[in-house]
Amino acid sequence: MKNKLSIFIEPVFSFLKTIPMGMVATYSLVAKEVGLKSPRNIGWILKQNNTPDIIPCYKVVRSNGKLAEGYKFGGKEEQQRRLENEGIRFNEKGKIINFKNLVT
DNA sequence: ACCATGACTCCAT
DNA sequence: CATGGAGCCATGG
């Protein structure tokens, strides 16, 4: 590839697959995990995902417990559905309840 | 090289 | 708790 972030794509996707059922990761956590500087970069990388049923990019949430706007496959509503399927619950404001289930 | 944009975060108000 | 601004780093025009 000709851009710098592309070399982080596979590491990020691999990490996402290791996140257990019922748990999520924040953008900054994923960034730190693969050695990237800015959480913004993770957003860019997640947009490179073309296989939502193989790469669980829906497991990445914002640090405030809410979902990012730009989930590529049906928006944050679809992302919320996927998370709820794992048992993650949301309040009426769209914020994750018991936002302690982060991976370390 | 300049500028706008983005699936973000932190901190102040 | 909601909002705004600054910081952030890479991409693309």
Side-chain angles (χ1 to χ4, degrees):
Chain A
M1 284 293 193
K2 83 179 169 60
N3 64 53
K4 304 188 173 187
L5 289 184
S6 56
I7 71 175
F8 291 97
I9 294 179
E10 282 311 317
V12 168
F13 290 176
S14 304
F15 173 65
L16 296 185
K17 292 189 215 169
T18 71
I19 303 177
M21 285 281 292
M23 298 202 181
V24 296
T26 63
Y27 288 85
S28 51
L29 178 72
V30 177
K32 187 178 71 167
E33 188 69 24
V34 300
L36 275 172
K37 329 233 174 175
S38 170
R40 279 189 180 277
N41 295 330
I42 300 302
W44 184 89
I45 288 176
L46 294 187
K47 277 198 299 192
Q48 313 307 308
N49 180 19
N50 296 312
T51 56
D53 294 324
I54 299 177
I55 308 300
C57 60
Y58 64 91
K59 282 177 160 299
V60 185
V61 306
R62 295 178 76 165
S63 62
N64 61 4
K66 296 184 183 171
L67 302 182
E69 301 294 328
Y71 181 67
K72 185 176 172 184
F73 313 98
K76 62 179 171 187
E77 297 79 9
E78 173 62 20
Q79 183 179 6
Q80 178 169 338
R81 269 193 295 279
R82 287 177 181 257
L83 290 172
E84 286 172 333
N85 281 341
E86 293 195 357
I88 296 176
R89 313 213 342 279
F90 291 78
N91 69 15
E92 63 286 344
K93 305 267 189 185
K95 182 172 178 177
I96 296 180
I97 300 176
N98 293 339
F99 186 47
K100 306 299 179 193
N101 34 11
L102 291 166
V103 300
T104 59

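The sequence lines fix the lettering, A, B, ..., with proteins before strands; numbering per chain opens at 1. Quick caveat, the model's predicted, so the values are computed rather than measured.
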Please evaluate residues A:R82 and A:E78 with respect to the criterion salt bridge (charged side-chain N to carboxylate O under 4.0 Å, His left out), reporting the C-alpha separation (whole Å), side-chain torsions for both, the decisive distance (0.1 Å), and the verdict.
CA-CA 6 Å; A:R82 287 177 181 257; A:E78 173 62 20; 3.4 Å; yes

Nearest-Å distance, NZ (A:K47) to P (B:dG6)?
8 Å

Using a heavy-atom cut-off of 4.0 Å across all strands, would you classify A:K72 as base, sugar-phosphate, or nothing?
base

Rounded to whole Å, the OH-P distance (A:Y27 to B:dC10) equals 14 Å

Please give, in whole Å, the distance from B:dA7 C1' to A:Y71 OH?
11 Å

In whole angstroms, how far is the P atom of B:dA7 from the CG atom of A:N50?
15 Å

Mind pulling the stems DNA chain C is in, i.e. runs of at least three Watson-Crick or G-U pairs, everything under 3.5 Å?
B:2-6 with C:9-13, B:8-13 with C:2-7

When you measure from the side chain of A:Q79 to the backbone of A:K72, do you find a donor-acceptor pair of N or O atoms at a distance under 3.5 Å?
no

Between the side chain of A:K47 and the main-chain N/O of A:Y71, is any donor-acceptor distance below 3.5 Å?
no

Pairwise side-chain contact, A:T26 with A:F99, heavy-atom cut-off 4.5 Å (strictly under):
yes

Just wondering, do A:L36 and A:L5 contact through their side chains at under 4.5 Å, heavy atoms?
yes

Under 4.0 Å between a side-chain nitrogen and a carboxylate oxygen: does that hold for A:E69 and A:K76?
yes

Are A:L16 and A:M21 connected into the same hydrophobic cluster when the rule is that any two of I, L, V, M, F, W, Y join if their side-chain heavy atoms are below 4.5 Å apart?
no

Return the value, rounded to whole Å, for the distance between atom CG of A:L67 and atom P of B:dG6.
19 Å

Integer-rounded Å distance: B:dA7 P and A:R82 CZ:
18 Å

In whole angstrom, what separates A:K66's NZ from B:dA7's C1'?
16 Å

A:Q80 CD to A:I96 CD1 distance, which is reported to the nearest 0.5 Å:
8.5 Å

For A:N3 and A:S6, what are the C-alpha separation, side-chain angles and deciding distance, and is it a side-chain hydrogen bond (donor to acceptor under 3.5 Å, both in side chains)?
CA-CA 6 Å; A:N3 64 53; A:S6 56; 3.2 Å; yes

How does protein contact run along nucleotides 8-13 of chain C, one letter per nucleotide 5' to 3', with B for base contact, S for sugar-phosphate only, - for none, heavy atoms under 4.0 Å?
BBSSS-

